[in-house]
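Numbering starts at 1 and runs along the sequence shown. Keep in mind the model is a prediction, meaning the values are calculated, not measured. Both ligands and their constituent atoms are indexed starting at 1 by order of listing.
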Amino acid sequence: MSTAIAVLNAGSSSVKFSVFVESGAELRLQVRGQIEGLFTRPRFVAKAADGSLMAEKDWGDSQSLGHDGALDHLIEFLRERGGGLTLAGVGHRVVHGGLEYAQPVRVDAQVLTALEKYVPLAPLHQPHNLAPIRRLLERSPGLPQVACFDTAFHRTNSELAQMFGLPHAMFEQGVRRYGFHGLSYEYIASVLPSHSPRAASGRTIVLHLGNGASMCALHGGRSVASTMGFTAVDGLMMGTRTGNLDPGVLLYLIDQRGMDARAIEKLIYNQSGLLGVSGVSSDMRTLLDSPEPRARLAVDLYCYRIRRELGSLAAVLGGVDAVVFTAGIGENSPLIRARVLDDAAWLGVERDADANDAGGPQLTKASSRVLGLVLPTNEELMIAEHTRSVIRMH
Ligand code: ADP
């Protein structure tokens, strides 16, 4: 029998999962899939590591399947189709670990209660992340569960890098820059040594450009600063999120347009970014294919915001040895990479056009002072590795 680690990433309307099997020191992906459309039109799909379909199910217009039902279905699937796997533990992606959790943690009822304290800090994500943990604690109390946090990797940031210019008492009370996408940055930092010792030990800016997007300044593989702040709406412009925004705009919208907190939340998280500017789509592929002038404007603003933040992180690091692209847009769009690399020419970046078009991993010429790389991220593997080592420690 093989020992396996399951990884769950539960969002507001979906539960993504993957299963890794121990193969010597390595963890090998065995199954991945998701149940999406919770509460509306739930659909389950599971695929083997080679992409072949293992199972699927469509519940039709059933609005009754929520997170608990999804998890029960997943457990059934693994029991029936797991092929003799023994589950050693389950790792969860949890958005917020606050100040307390700078490392992954084994979750029991007490830790779960502590993590619930962070719901007000991430109301759109934290409750959904915690739902399957609670369900599994009830159903399988003996099964080890480990929470891995998006914020944890940034706890190495200096106090200065975490502060807002607010009264200091608020900083003490937790109103500070936490940073997110930490599991992605941690994974990239973990593979950097095998690609470039200089990038691993030096000053590297990683661009995680997915639907959510942020950038992180690494020094010696440790996070020094990032573009996301108190919440994951700060920093770069994203698929539907504004990125950084003068708080005065929000006051204006409240005072003059009568918007309340929920309307503002919808505006800055769901109706802005690439979608809001273009009026066409939040999806970069669609925008790059669109003839609409405002689709082009949205892409221009996207790149302009990256250019500004890149300069800001370069200043924090006092120079740059490498830039690394990752996530959906970073990994798959030579066009956006080309624009970002060319915008950074002033830092000593010399793009290698053929290498960039061919998908790297090296994107820059041998003569380039700054190394450009594209590396696929793997947050699930990072969670599986953390889960294995936390379980082993107990
Ligand atoms: P999430 O943050 O939801 O995990 P992803 O990392 O999958 O998102 O990134 C999704 C984004 O990647 C979308 O904007 C999508 O259009 C973009 N993307 C994927 N493939 C390409 C491509 N070939 N060219 C441009 N953009 C792409």
Looking only at atom types and distance, does a side-chain atom of Asn129 sit under 3.5 Å from a main-chain N or O of Ala10, one as donor and one as acceptor?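 Judged by distance alone, yes, a pair lies under 3.5 Å.
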What residues, two or more places apart in sequence or in another chain, satisfy ring-ring contact (aromatic ring centres under 6.0 Å, His included) together with Tyr304?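 ring-ring contact (aromatic ring centres under 6.0 Å, His included) list for Tyr304, sorted by chain: empty.
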Return the set of residues passing salt bridge (charged side-chain N to carboxylate O under 4.0 Å, His left out) with Arg369 (not counting sequence neighbours), or none when no residue passes.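 Per chain and number, Arg369 pairs via salt bridge (charged side-chain N to carboxylate O under 4.0 Å, His left out) with no residue.
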Pairs under 3.5 Å, nitrogen or oxygen of ligand 1 with protein nitrogen or oxygen:
unit_1, atom_1, unit_2, atom_2, d
ligand 1, 2 (O), Asn211, N, 3.0
ligand 1, 3 (O), Asn211, ND2, 2.9
ligand 1, 6 (O), Gly328, N, 2.9
ligand 1, 8 (O), Asn211, N, 3.2
ligand 1, 8 (O), Asn211, ND2, 3.4
ligand 1, 12 (O), Ile329, N, 3.3
ligand 1, 14 (O), Met284, N, 3.1
ligand 1, 16 (O), Asp283, OD1, 2.5
ligand 1, 16 (O), Asp283, OD2, 3.4
ligand 1, 16 (O), Met284, N, 3.1
ligand 1, 16 (O), Arg285, N, 3.1
ligand 1, 23 (N), Asn332, O, 3.2

Can you see which heavy atom on Pro193 is nearest to which on Ala189, and at what distance?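 Minimum heavy-atom separation between Pro193 and Ala189: CD-O, 3.3 Å.
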With ILVMFWY side chains joined below 4.5 Å, transitively, what does Val249's cluster contain besides itself?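 Listed partners: Leu124, Val233, Leu245, Leu250, Tyr252, Leu253, Ile254, Met259, Ile264, Leu267, Ile268, Tyr269.
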Parallel, tilted or perpendicular: which describes the rings of Tyr185 and His181, with under 30° parallel and over 60° perpendicular?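 Rings of Tyr185 and His181: perpendicular, over 60°.
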